[in-house]
4 protein chains.
Amino acid sequence: MQSRTPAPRATGRPRSAAADAAILAATREALVELGWSKLTLGDVATRAGVAKTTLYRRWAGKNELVVDAVAELFDELRLPDRGTLAADIEGVVLQFAAILARPEAKSGLMAVVAESIRDDALRERIRESIVDRQKRLVLEGRARAQARGELPPETDPLEATRTVDLIFDMVAGAVVHRTLVSAEPADEEWVRNFTQVLLTGLAGTP
Amino acid sequence: MQSRTPAPRATGRPRSAAADAAILAATREALVELGWSKLTLGDVATRAGVAKTTLYRRWAGKNELVVDAVAELFDELRLPDRGTLAADIEGVVLQFAAILARPEAKSGLMAVVAESIRDDALRERIRESIVDRQKRLVLEGRARAQARGELPPETDPLEATRTVDLIFDMVAGAVVHRTLVSAEPADEEWVRNFTQVLLTGLAGTP
Amino acid sequence: MQSRTPAPRATGRPRSAAADAAILAATREALVELGWSKLTLGDVATRAGVAKTTLYRRWAGKNELVVDAVAELFDELRLPDRGTLAADIEGVVLQFAAILARPEAKSGLMAVVAESIRDDALRERIRESIVDRQKRLVLEGRARAQARGELPPETDPLEATRTVDLIFDMVAGAVVHRTLVSAEPADEEWVRNFTQVLLTGLAGTP
Amino acid sequence: MQSRTPAPRATGRPRSAAADAAILAATREALVELGWSKLTLGDVATRAGVAKTTLYRRWAGKNELVVDAVAELFDELRLPDRGTLAADIEGVVLQFAAILARPEAKSGLMAVVAESIRDDALRERIRESIVDRQKRLVLEGRARAQARGELPPETDPLEATRTVDLIFDMVAGAVVHRTLVSAEPADEEWVRNFTQVLLTGLAGTP
DNA sequence: ACCTAAGCGAGACGGTACGTCTGGTCTTTCT
DNA sequence: AGAAAGACCAGACGTACCGTCTCGCTTAGGT
């Protein structure tokens with residue numbers, strides 16, 4: 001997680017591996033109970049049975065800690081193979097919606113995105129830990145649809161990247177907006193309608 | 001804004017109308033300079049040339065204040081009549097993107113949405129002040145497209161409402177995600193591509 | 001009280017005479033319930049059924065108001081004629097102790113004295129309203145004792161004044177210290193002992 | 001001072017001993033410059049180069065802090081041995097008067113006594129830190145006078161205690177009243193007169 | 001079996017903002 | 001012009017967290 005290059009320390013007492021896990025779990029627990037703005041690092045440390053110094057030795061602050069705590073939630077996303085592009089999309093979007101329905105994800109995600117607006121390093125960390133990691137799903141889905149003949153093959157590789165980004169923004173944006181701003185569940189019916197518009201457009205080509 | 005129906009007071013010195021405007025302007029200024037998390041109400045009061053008590057007499061806290069300050073930004077959105085549905089959408093999405101490009105909108109909007117997750121009253125306030133107010137644009141656009149024959153008329157009114165919500169989530173979600181999460185500009189090219197996918201679907205029906 | 005020269009106003013609504021009394025009574029009531037430091041002028045105004053402005057129009061602040069409110073309490077002191085100097089002193093000291101036992105006197109008196117240390121005008125006001133007004137008791141007592149032959153007549157008038165001040169400081173100081181600092185009641189027994197020491201000295205001349 | 005036996009803490013960073021001294025000194029400085037009512041704990045903290053939290057961690061509030069700051073002033077009182085009871089009393093009273101002449105003592109002492117009227121814990125603290133500590137002077141003075149044969153030996157021990165309290169109230173009360181209420185200096189002449197009345201009584205036995 | 005450097009829990013530290021309260025003043029309308 | 005009402009500016013209050021620091025203690029690997 002936070003340890004990009006663990007810098008092999010030769011001497012001294014090694015850092016407790018258990019502490020990391022306990023801290024991240026405590027962070028998610030606190031997010032559920034208190035929400036972002038009332039979550040304090042002192043409280044997280046207490047919940048994790050750890051001193052504040054231990055926490056600060058590993059994370060720079062609340063933002064970084066929550067990014068790592070939330071990122072783990074999204075790693076369980078998988079692209080199911082349900083036979084058609086529409087079914088695949090519906091499947092993955094439902095998974096995404098299920099994660100976003102969890103209070104620790106809701107509370108944490110928007111808050112760190114909000115913080116990232118004035119903090120480039122944080123945005124980069126979010127991108128690495130959360131966003132880019134999930135773009136693979138779009139790529140995979142497209143490849144599978146092309147293999148099935150549901151989508152034409154790529155011609156322009158630049159154009160291809162641009163489209164992946166656009167689709168990702170559209171899918172993630174819609175689900176997030178539905179869940180967090182409109183505060184309505186992204187349930188099966190909504191996902192079906194969304195997928196149809198995404199695939200066939202507003203006019204609903206038959 | 002915050003005064004839904006201020007209960008017409010008979011006696012005593014009336015509240016200064018100028019103070020409200022000064023406070024909201026100062027809030028936006030502080031959002032630009034400091035961002036959400038470093039914005040303090042004491043600082044806003046100072047910038048507005050107003051005592052802290054005056055501020056607290058009118059708003060319950062940072063969240064409510066920023067909702068009102070940001071809401072004003074979105075009131076300038078207009079649906080242009082450019083002749084076709086595609087052009088109309090492109091026009092309004094570009095306006096939306098332009099507002100979201102302003103730092104006071106960026107900093108404030110996501111933060112209050114994040115806060116609203118654990119605060120129902122705040123979410124309701126956001127919905128009233130910002131979200132529902134702009135859904136009119138979707139309604140207007142559809143009506144115009146139907147008049148032009150670009151979209152079929154409604155049959156089921158319930159279905160019609162559901163579609164408005166879906167479209168709103170898709171449009172707003174995509175632009176917000178592009179701007180705030182991906183942190184890339186929603187420029188003319190992106191808007192053109194987005195509009196095409198929205199209208200004709202992923203496969204790009206001609 | 002506070003109006004040394006009522007400045008005969010020709011025009012406009014005259015000041016309510018009842019308000020003065022209500023305010024001073026409310027002040028004493030608040031002193032009993034809240035004590036000096038938690039007494040607020042807003043609260044006094046509310047208790048008196050009067051606007052804060054009315055209160056400030058008549059008194060400069062908390063200090064002045066409380067001096068006037070407390071001064072009234074001491075005006076009821078009388079020097080009884082009990083036949084001997086010792087009995088006279090005991091009588092008046094017991095009265096003084098009874099007043100100081102009342103919470104509004106306790107709370108208010110020491111506080112304004114404390115404030116007066118850095119405020120000459122306030123000290124002067126206290127002297128006029130409280131201290132000098134009661135020195136008459138010492139003068140009266142001495143005159144009566146001289147008439148009875150218990151004390152020799154004055155020779156040096158300057159010396160005479162000096163002695164009055166000394167006796168006053170000794171009597172008032174002892175009772176105040178007993179009541180407020182030692183926080184023990186200045187009851188009959190204590191007063192008897194005190195009077196004896198005062199009259200015959202430490203060694204207790206028979 | 002405030003640390004009656006702070007329960008020897010085993011772990012954590014120990015409290016800075018220097019901070020205590022700096023805070024008490026800053027408190028006295030602020031008392032001199034500002035007086036009681038304009039003294040703020042924030043200002044004291046700043047003067048002491050200490051955070052407000054550090055101050056509140058050690059003292060419950062302004063009252064307790066000032067008691068400790070003032071108490072230190074009285075610890076320098078000593079009973080001189082000048083050969084006679086009268087001379088001993090004059091010596092110690094002059095010392096007491098000299099301390100009370102200092103603005104930090106004046107400003108602080110009366111104010112905390114005033115506050116103590118509604119706060120039993122505070123009164124107890126004052127008694128422990130200031131009053132009872134100085135009663136030793138009366139005891140010592142009496143013992144010495146008895147050794148010299150100036151005063152008869154005790155017979156009734158209860159009566160003896162009562163007399164100590166009475167003398168203390170008379171001495172302290174008179175000096176305090178002279179200094180703070182009458183606002184006249186307790187100079188050598190006054191002390192001589194006072195001592196004579198105290199020893200020989202009003203009629204002035206030759 | 002030591003040595004030593006880093007990690008650890010605890011809690012004090014200097015700061016900063018919070019949201020509330022009070023002190024006095026000012027601005028309304030009504031009397 | 002005075003009064004009641006209540007908004008206004010100013011600034012202290014006591015609390016809560018922040019992120020850092022200083023303790024004494026533990027825990028390894030290197031010798």
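Keep in mind that this is a model prediction, so the values were computed, not measured. Just so we're on the same page: letters track the sequence lines, and every chain starts at 1.
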Within residues 28-41 of chain B: residues closer than 4.0 Å to DNA chain F (heavy atoms): none
Sub-4.0 Å heavy-atom contacts from residues 103-116 of chain C onto DNA chain F, ordered by number: none
Sugar-phosphate or base contact per nucleotide [nucleotides 21-26 of chain F; S, B, -; heavy atom under 4.0 Å]: BB---B
Donor-acceptor under 3.5 Å (B:K38 side chain, B:L31 main chain): no
Side-chain donor/acceptor of D:R28 to backbone N/O of D:A69, under 3.5 Å: yes
A:R127 vs A:E124, salt bridge (charged side-chain N to carboxylate O under 4.0 Å, His left out): CA-CA, chis, key distance, verdict: CA-CA 5 Å; A:R127 201 200 298 267; A:E124 199 45 46; 3.6 Å; yes
Position toward the 5' end of DNA chain F (nearest nucleotide), C:A51 or A:D43: C:A51
First encountered from the 5' end of DNA chain F, between C:T54 and A:G42: C:T54
Rounded interatomic separation in angstrom, taking [atom1] from [X] and [atom2] from [N]:
{"X": "C:L65", "N": "E:dT22", "atom1": "CG", "atom2": "P", "value": "16 Å"}
{"X": "D:R58", "N": "E:dG11", "atom1": "CZ", "atom2": "C1'", "value": "12 Å"}
{"X": "B:L55", "N": "E:dC21", "atom1": "CG", "atom2": "C1'", "value": "16 Å"}
{"X": "D:R15", "N": "E:dG14", "atom1": "CZ", "atom2": "P", "value": "12 Å"}
{"X": "A:N63", "N": "F:dC18", "atom1": "CG", "atom2": "C1'", "value": "13 Å"}

Pairs satisfying side-chain hydrogen bond (donor to acceptor under 3.5 Å, both in side chains), at least one member in residues 105-119 of chain D, at least two apart: C:S37-D:E115
Sugar-phosphate only, base, or nothing, as touched by A:G61 at under 4.0 Å among non-hydrogen atoms: nothing
Below 3.5 Å, can you tabulate the donor-acceptor pairs from side chains in residues 47-55 of chain C to any protein atom, sequence neighbours excluded?
| residue | atom | partner | partner atom | Å |
| --- | --- | --- | --- | --- |
| C:R47 | NE | C:D43 | OD2 | 2.7 |
| C:R47 | NH1 | C:E29 | OE2 | 2.6 |
| C:R47 | NH1 | C:E33 | OE1 | 3.4 |
| C:R47 | NH1 | C:E33 | OE2 | 3.3 |
| C:R47 | NH2 | C:E33 | OE1 | 3.0 |
| C:R47 | NH2 | C:D43 | OD2 | 3.4 |

B:I23 vs B:W59, side chain to side chain contact (heavy atoms under 4.5 Å, CB included): CA-CA, chis, key distance, verdict: CA-CA 10 Å; B:I23 292 169; B:W59 284 276; 3.7 Å; yes
Residue closer to the 5' end of DNA chain E, A:V50 versus C:Y56 (nearest nucleotide): A:V50
B:R57, nearest nucleotide to its side chain (from F:dA7, E:dA17, E:dT20): F:dA7
Looking at side-chain heavy atoms only, is the closest gap between [X] and [Y] below 4.5 Å?
{"X": "B:W36", "Y": "B:N63", "answer": "yes"}
{"X": "A:V70", "Y": "A:E104", "answer": "no"}
{"X": "D:D120", "Y": "D:R123", "answer": "yes"}

Which residues share a side-chain contact (heavy atoms from CB on, under 4.5 Å) with B:T46, sequence neighbours left out: none
No-H, no-angle donor-acceptor pair, D:K52 side chain to F:dG14 base, under 3.5 Å: yes
Ion pair check, A:R125 and A:D68, cut-off under 4.0 Å: yes
